[in-house]
Amino acid sequence: MNQMNEDEVKKLCAIINSDKTTKRTIVKAIVSTIFLRLTPVAKAVEQEMALEACGPEVQFTPRQELWAVEGTAEKWLQQNAGYYFAEARLQQVRFTPLLPD
């Protein structure tokens, strides 16, 4: 997916704003993300919860789309949803109460 230019963004906003059903769907998705997905994360951080692995580690190796330099490291990047990602290890985690020392 390529990044949208300004004209494409304006056209998309016009489409969203002109259609009540689409606008409602987008607002619902934003509200759901903020209040259902992010709020529990904020609460867990406030309660000083720890992260616990809940699955095997997965290796991500990007397609060789863009050669880049970060600091002194050179690496391949892959674009996904408008962002570039380098090689990484991914781990699904969940919050769990900290055990007393």
Task: From CD1 (Ile26) to OG1 (Thr21), nearest 0.5 Å - done: 11.0 Å

TODO: Group every Ile, Leu, Val, Met, Phe, Trp and Tyr by side-chain heavy-atom contacts under 4.5 Å, then state whether Val93 and Leu90 land in the same group.
DONE: no

Task: Close side-chain approach of Glu87 to Trp76, heavy-atom, < 4.5 Å - done: no

Open item on the list: In this structure, would Val41 and Leu36 fall into the same cluster of hydrophobic residues linked by side-chain contacts under 4.5 Å?
Closed with: no

Open item on the list: Rounded to the nearest 0.5 Å, what separates atom CD in Gln92 from atom CG in Leu51?
Closed with: 12.5 Å

TODO: Could you check if a side-chain atom of Gln59 sits within less than 4.5 angstrom of a side-chain atom of Thr61, using non-hydrogen atoms only?
DONE: yes

Task: CE-CD distance between Met49 and Gln47, expressed to the nearest 0.5 angstrom - done: 6.0 Å

- [ ] Rounded to the nearest 0.5 Å, what's the gap from OG1 on Thr25 to CD1 on Ile30? Could you check?
- [x] 11.0 Å

- [ ] Taking all non-hydrogen atoms of both residues into account, name the closest pair between Ile16 and Lys23 and its distance.
- [x] O-CB, 3.5 Å

Open item on the list: Testing the basics here: between Cys54 and Gln91, what is the closest heavy-atom pair and its distance to 0.1 Å?
Closed with: N-NE2, 4.2 Å

Open item on the list: Could you work out, with salt bridge (Lys or Arg N to Asp or Glu O under 4.0 Å) as the rule, every residue matching Glu8, not counting sequence neighbours?
Closed with: none

- [ ] Scan residues 39-62 for pairs that pass salt bridge (charged side-chain N to carboxylate O under 4.0 Å, His left out), counting only residues two or more places apart or in two chains.
- [x] Glu52-Arg94, Glu57-Arg89

- [ ] Show which residues join Tyr84 in its hydrophobic cluster (side-chain heavy-atom contacts under 4.5 Å, direct or indirect), or state none.
- [x] Leu66, Leu77

Task: Closest non-hydrogen atom pair, Phe60 against Ala86 - done: CD2-O, 3.3 Å

Task: Phe85 side chain near Gln79 side chain, heavy-atom distance below 4.5 Å - done: no

